[in-house]
Amino acid sequence: MRSTLQFGRFNYPLQGEGARARVMGILNVTPDSFSDGGQHQSLEFAISHAEQMIEGGVDIIDVGGESSRPGAPPLPLEDELRRVMPVLYALRDQGPAISVDTYKPQVMREAIIAGVDMINDINGFRAPGALEAVRDSDCALCIMHMQSDPQHMQLAPSYTDVVAEVITFLRERIDVMIASGIDPRRLCIDPGFGFGKTVEHNYALLRATGRLIAELDMPLLAGLSRKSMVGAVTGKPVERRMAGSVGGALAAVAHGAAIVRVHDVVETVDALKVWQAAQ
Ligand code: PT1
């Protein structure tokens with residue numbers, strides 16, 4: 001079993017002393033959170049949201065400029081850079097590790113210059129130039145599985161054996177990345193809940209968390225916060241999915257997940273502390 005995850009300025013033990021699940025807080029930097037859509041106001045809002053997450057005990061802040069929710073359209077490169085870069089520079093010395101949620105090689109390069117600790121790529125570093133952009137840094141790389149793309153992925157998700165197919169995809173990406181010279185200790189995997197998957201596919205993958213970790217020998221990041229897979233079993237709309245999401249995060253950690261990506265940081269941190277004390 002893997003012993004550490006190299007995470008930029010940080011090094012996370014995965015077993016023994018100091019090993020615990022890490023909480024990644026979601027920081028969406030989208031101008032629609034504001035009436036005037038102003039650049040300055042959205043920066044202020046992002047910083048104050050980040051401060052709340054730090055107060056709540058967040059380990060990693062995941063900064064994203066482009067929505068990847070089902071049906072979301074792509075965002076032009078310049079717009080993504082304009083949204084994300086000021087936030088990365090403002091947050092990099094605030095304590096937590098910083099991740100950037102992007103599939104664009106040019107954003108990866110700029111983010112590495114800004115000093116981020118992780119590149120979180122929903123596209124699994126498949127864009128031309130992505131491997132070259134991240135290879136010579138020390139940041140962690142999260143390789144996520146997605147069928148199709150955000151605009152089309154929920155139209156007709158289809159698998160013969162979803163767990164086997166996700167494992168095969170991740171195996172292939174891991175091999176390509178290692179062959180390009182990337183240290184395997186920088187890699188982690190993500191089954192990509194909600195990315196071209198039905199509710200049944202998502203829960204089959206959640207139940208298979210331990211198998212993904214064991215077969216690929218990689219730490220796993222689980223992101224299911226407020227997603228439709230939580231809504232499907234609770235019957236709740238997106239704004240009332242906090243408790244269901246905390247339950248899902250605990251289930252993922254109980255199955256061995258190393259990192260959980262969440263909206264509700266303080267609630268997840270507390271739930272994990274109690275769960276850990278009961279171990
Ligand atoms: C994720 C993730 C992500 N999810 C990683 N990055 C999103 N590594 C963005 C729904 O079904 O799981 N892992 N970056 C958000 N994407 C979605 C997808 C949001 C599906 C909502 C749904 O509701």
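These values consider heavy atoms only, across backbone and side chains, with no hydrogens, waters or symmetry-generated copies. In listed order, ligands and their atoms are each counted from 1.
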Discussion item. Could you check whether any side-chain heavy atom of E66 comes within less than 4.5 Å of a side-chain heavy atom of Y103, counting everything from C-beta outward?
Written reply: yes

Fill in: Heavy-atom nearest neighbour in the protein, as seen from atom 16 (N) of ligand 1, with distance rounded to 0.1 Å
F195 CZ, 3.3 Å

Worksheet entry | Which residue and heavy atom of the protein sit nearest atom 23 (O) of ligand 1, plus the separation | S228 N, 2.9 Å

Practice prompt. Just jot down the ligand 1 atoms closer than 4.0 angstrom to any heavy atom of I122, in number order.
Written response: 3 (C), 6 (N), 14 (N)

Discussion item. Give me the residue, atom name and distance of the protein heavy atom closest to atom 14 (N) of ligand 1.
Written reply: D101 OD2, 2.8 Å

Response to the item:
protein heavy-atom neighbour closest to atom 5 (C) of ligand 1 works out as D190 OD2, 3.1 Å

Item to complete: Find out whether V260 and M24 are in side-chain contact, i.e. whether some heavy atom of one side chain is under 4.5 Å from a heavy atom of the other.
Response: no

Discussion item. Residue-level breakdown please: for P70 versus ligand 1, do any non-hydrogen atoms fall below 4.0 Å on the side chain, on the backbone, on both, or on neither?
Written reply: side chain

Fill in: Flag side-chain contact, heavy atom, 4.5 Å: R9 against D93
yes

Practice prompt. Determine the interplanar angle of the H201 and Y159 rings, folded into 0 to 90°, and report it as parallel if under 30°, tilted if 30 to 60°, perpendicular if over 60°.
Written response: perpendicular

Discussion item. I need the atoms of ligand 1 closer than 4.0 Å to a non-hydrogen atom of G223, numbered in the order shown.
Written reply: 12 (O)

Discussion item. Minimum distance, heavy atoms only, to atom 3 (C) of ligand 1: which one of M153, R261, K227, M118 is it?
Written reply: R261

Fill in: Identity and distance of the protein heavy atom lying nearest atom 19 (C) of ligand 1
R69 CG, 3.4 Å

Worksheet, complete the sentence: atom 15 (C) of ligand 1 sits nearest the protein heavy atom S68 OG, 3.7 Å

Worksheet item: Does some side-chain heavy atom of R171 sit less than 4.5 Å from a side-chain heavy atom of T168?
Response: no

Worksheet item: What is the nearest protein non-hydrogen atom to atom 6 (N) of ligand 1, stated with its residue, atom name and distance?
Response: N120 ND2, 3.1 Å

Discussion item. Which of the numbered atoms in ligand 1 are under 4.0 angstrom from any heavy atom belonging to M144?
Written reply: 1 (C), 5 (C), 13 (N)

Worksheet item: Would you say R69 has more than 12 foreign heavy atoms packed within less than 6.0 Å of its CZ?
Response: no

Worksheet item: When the aromatic ring centroids of H145 and F195 are compared, is their separation below 6.0 Å?
Response: no

Worksheet, complete the sentence: Paired with N120, the side-chain contact (heavy atoms from CB on, under 4.5 Å) test is passed by just one of I60, D101, V100, namely D101

